[in-house]
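In what follows, a single structure is set out as structure tokens and then discussed.
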Amino acid sequence: MPAVQAALAARLGVAEGAPAPGGTPEKDWELVGQGRLDEADLVRLYAQCSGLPLADEEELHGMEPFPEVTLDFLSHHLCLPLIWDTQQCLLAVAEPYGIGRLGQIWMAMFQLRPSFVLLRRAVIERHLTSLYESGAASKADAGWDGDTSEQALRDLAREAPIVRLVSDMFSRAQEMGASDIHIEPAEDSLAIRFRVDGMLQTVLTPPVSQYPAIASRVKLLAGLNIAEHRLPQDGRMDLGGPNPLDVRVSCVPSMHGESIVLRLLQKDVTTFDLERVGLGDSMKQDLQRFYTMPHGMILVVGPTGSGKTTTLYCVMRELNSEERKIITIEDPVEYQLPGLTQIHVRSQIGLTFASGLRSIVRQDPDVILVGEIRDRETAEIAIHAALTGHLVLSTLHTNDAAGAISRLLEMEVESFLISSALLAVLSQRLVRRICPECGGSGRQGAKPDDPAGGRRCRNCLGSGYRGRIGIFEMLQVNDELRRAINERRDSTELAAIGRRHGMRSLREDGDEKVRLGITSAAEVARVCQADLTV
């Protein structure tokens with residue numbers, strides 16, 4: 001189809017006179033396999049060139065199998081019957097090539113006049129599997145005799161349906177804005193769950209028979225040993241597409257197979273901005289005053305997954321310039337930012353936070369980022385660096401800003417060192433944003449008197465929320481607080497001193513975002529349960 005080739009050339013930026021891409025289904029899908037084109041983009045191009053409408057993936061629920069048709073026939077022609085009556089049938093196809101011939105075959109076999117819509121190939125295969133396999137062996141394990149040798153698993157991982165299923169999994173995760181993918185095998189089921197805006201939800205339930213092939217495919221992409229099932233493994237891969245991702249892969253043995261978790265990290269850090277993460281103007285100005293100082297320590301605290309690293313990289317982007325030498329030591333390096341010297345902790349060979357820090361201070365840095373302070377040795381080296389002319393930024397796992405000081409004291413760091421080096425502590429949580437499309441009224445289970453009637457919003461998938469934003473409290477170290485630290489006061493007293501000098505609690509910052517219509521009171525209560533009495 002010349003029109004398809006022309007559209008593909010324009011989409012891929014092929015120079016005039018160069019060989020045209022695509023032209024056959026095999027060549028078109030080869031572009032998807034190479035990561036040069038997203039499957040959804042290809043289907044949209046097909047629709048544009050053929051005039052066929054796109055199927056609505058959100059409406060594909062409650063489907064029934066078409067009578068008197070075999071899975072082999074549907075798989076061979078890669079078509080999915082959607083709706084039908086006594087005279088006609090609507091078929092979803094993955095490409096417009098050959099639909100005339102398919103229409104003739106369908107009419108001859110079933111005496112129904114077919115019409116066509118376009119649907120992603122991975123979606124068609126997913127529904128064919130769920131509707132027509134009926135517990136029979138899947139394509140991925142057809143003929144598989146349980147051989148767990150490396151070559152057998154590699155062959156499984158290269159089966160075309162599995163390649164497309166895993167590709168579809170990543171595409172859907174990107175479309176939904178997922179931060180993690182969990183592949184969880186059970187005795188007689190397999191669940192693939194996405195963490196979207198901090199909440200897990202089951203998205204795919206392939207047949208459990210496909211688990212060995214899916215696990216092998218992920219391991220193959222991550223450069224892991226696909227024949228090793230008894231020991232934990234960690235790896236990584238790059239995920240192409242319009243928004244490239246760095247994927248961290250963790251495999252841990254469990255009762256019924258390996259639990260596989262994939263962390264999806266943005267490669268593009270140009271979008272990191274302190275205002276976008278949720279810092280208000282006043283707090284942003286205060287933080288800017290501290291991170292532009294020539295030396296001292298700034299801590300960002302909160303539980304795992306509260307956005308601490310993202311906030312620190314927003315600061316790194318502000319500080320990154322030709323005049324500054326910035327070195328980071330992290331476990332792992334989550335974001336790569338040009339202009340920074342970034343070190344990955346490797347404890348197994350002795351490169352720990354503490355040993356790495358000792359070497360970093362001899363590298364003449366202006367700014368040092370320590371991924372996490374985990375022990376007394378790391379804390380003391382970081383604080384001494386802050387006292388000897390370096391700006392040090394790091395994270396701690398504590399519930400609030402004042403708790404960071406108590407945590408350092410518990411590590412047996414001298415109080416006079418803390419009071420001398422520490423500039424400020426920023427505590428944060430992430431709350432879900434109210435969906436801008438439905439205003440939160442599209443959530444499932446909405447109240448009957450809800451103006452939207454509990455309709456399911458596509459933008460937020462019926463949750464009422466889309467995206468996340470931070471809520472913060474900042475404890476600024478002043479003379480009164482330094483005296484209290486030297487007297488080893490507890491975190492309650494330290495927090496009280498901070499509030500006397502204008503510190504707003506996490507709950508108060510959250511309440512302000514509720515008043516502005518950014519989030520809901522229920523969300524603030526959910527993430528600030530420890531602050532409900534404040």
Side-chain angles (χ1 to χ4, degrees), residues 176-180 193-201 263-266 271-284 286-287 299-315 334 395-404 425-447 450 452 457 459-475 495 498-499 503-534:
M176 294 172 67
S179 61
D180 302 86
R193 299 197 290 169
F194 294 173
R195 189 177 293 280
V196 180
D197 296 336
M199 311 295 283
L200 277 171
Q201 55 183 278
R263 168 65 59 88
L264 311 180
L265 300 168
Q266 292 184 44
T271 58
F272 287 0
D273 178 82
L274 287 171
E275 188 173 344
R276 291 184 64 177
V277 300
L279 276 173
D281 290 340
S282 176
M283 197 176 298
K284 181 180 176 182
D286 288 337
L287 181 61
L299 294 175
V300 180
V301 304
T304 300
S306 59
K308 301 185 295 295
T309 302
T310 300
T311 298
L312 284 177
Y313 267 85
C314 290
V315 174
E334 293 194 7
T395 72
L396 270 177
H397 286 101
T398 63
N399 289 329
D400 56 19
V425 182
L426 184 71
S427 177
Q428 69 178 78
R429 300 287 191 280
L430 291 177
V431 295
R432 292 181 292 173
R433 288 176 175 268
I434 290 175
C435 174
E437 297 290 331
C438 67
S441 61
R443 62 191 179 278
Q444 292 173 332
K447 295 179 180 178
D450 195 308
C457 171
N459 184 59
C460 64
L461 304 175
S463 69
Y465 301 97
R466 179 70 175 180
R468 289 189 291 176
I469 193 170
I471 58 174
F472 303 87
E473 68 179 19
M474 184 188 292
L475 181 65
R499 285 195 293 273
M503 181 183 79
R504 290 200 311 177
S505 69
L506 285 166
R507 184 63 185 266
E508 289 169 330
D509 192 43
D511 289 343
E512 176 65 19
K513 289 181 169 67
V514 171
R515 285 191 290 272
L516 294 173
I518 296 172
T519 189
S520 69
E523 266 298 285
V524 174
R526 180 179 67 84
V527 301
C528 294
Q529 292 179 16
D531 302 305
L532 291 176
T533 59
V534 174

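Residue numbers run from 1 in the order of the sequence given. Given the structure is predicted, the values throughout are model-derived calculations rather than measurements. Keep in mind that the numbers below use all heavy atoms, side chains included, and drop hydrogens, waters and symmetry copies.
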Strictly distance-based, threshold 3.5 Å: is any side-chain N or O of Arg429 a donor or acceptor partner for the main-chain N or O of Asn399? yes
Which heavy atom in Val277 sits nearest to a heavy atom in Cys314, and how many Å separate them? CG1-SG, 3.7 Å
Do the side chains of Met283 and Leu426 get nearer than 4.5 Å, heavy atoms only? yes
Grab the two heavy atoms, one from Leu430 and one from Gly305, that are nearest each other, plus how far apart they are. CD1-O, 3.6 Å
Which residues share a side chain to side chain donor-acceptor pair (under 3.5 Å) with Arg433, sequence neighbours left out: none
Tell me every residue that passes side chain to side chain contact (heavy atoms under 4.5 Å, CB included) with Gln201, counting only those two or more places apart in sequence or in another chain. Met176, Val196, Val203, Leu461
Pair Arg507 + Asp511, salt bridge at N-O below 4.0 Å: yes
Test item: Leu274 and Val315 side chains (from C-beta on) under 4.5 Å apart, heavy atoms: yes
For the residue pair Thr311 and Phe472, establish whether any side-chain heavy-atom pair is separated by less than 4.5 Å. yes
Residues forming a side chain to side chain donor-acceptor pair (under 3.5 Å) with Arg466, sequence neighbours excluded: none
If every non-hydrogen atom of Ile469 is compared with every non-hydrogen atom of Gly278, which pair is closest and at what distance? CG1-CA, 3.5 Å
Please give me the minimum heavy-atom distance between Ala402 and Ala495, naming the atom from each residue. CB-N, 3.8 Å
Grab the two heavy atoms, one from Cys528 and one from Leu506, that are nearest each other, plus how far apart they are. SG-CB, 4.0 Å
Where do Val301 and Lys308 come nearest, in terms of heavy atoms and distance? C-CD, 3.6 Å
Could you work out, with side chain to side chain donor-acceptor pair (under 3.5 Å) as the rule, every residue matching Lys513, not counting sequence neighbours? Asp509
Does Asp197 have any side chain to side chain donor-acceptor pair (under 3.5 Å) partners at least two apart in sequence or in another chain, and if so, which? none
For Arg468, all residues meeting salt bridge (Lys or Arg N to Asp or Glu O under 4.0 Å), sequence neighbours excluded: none
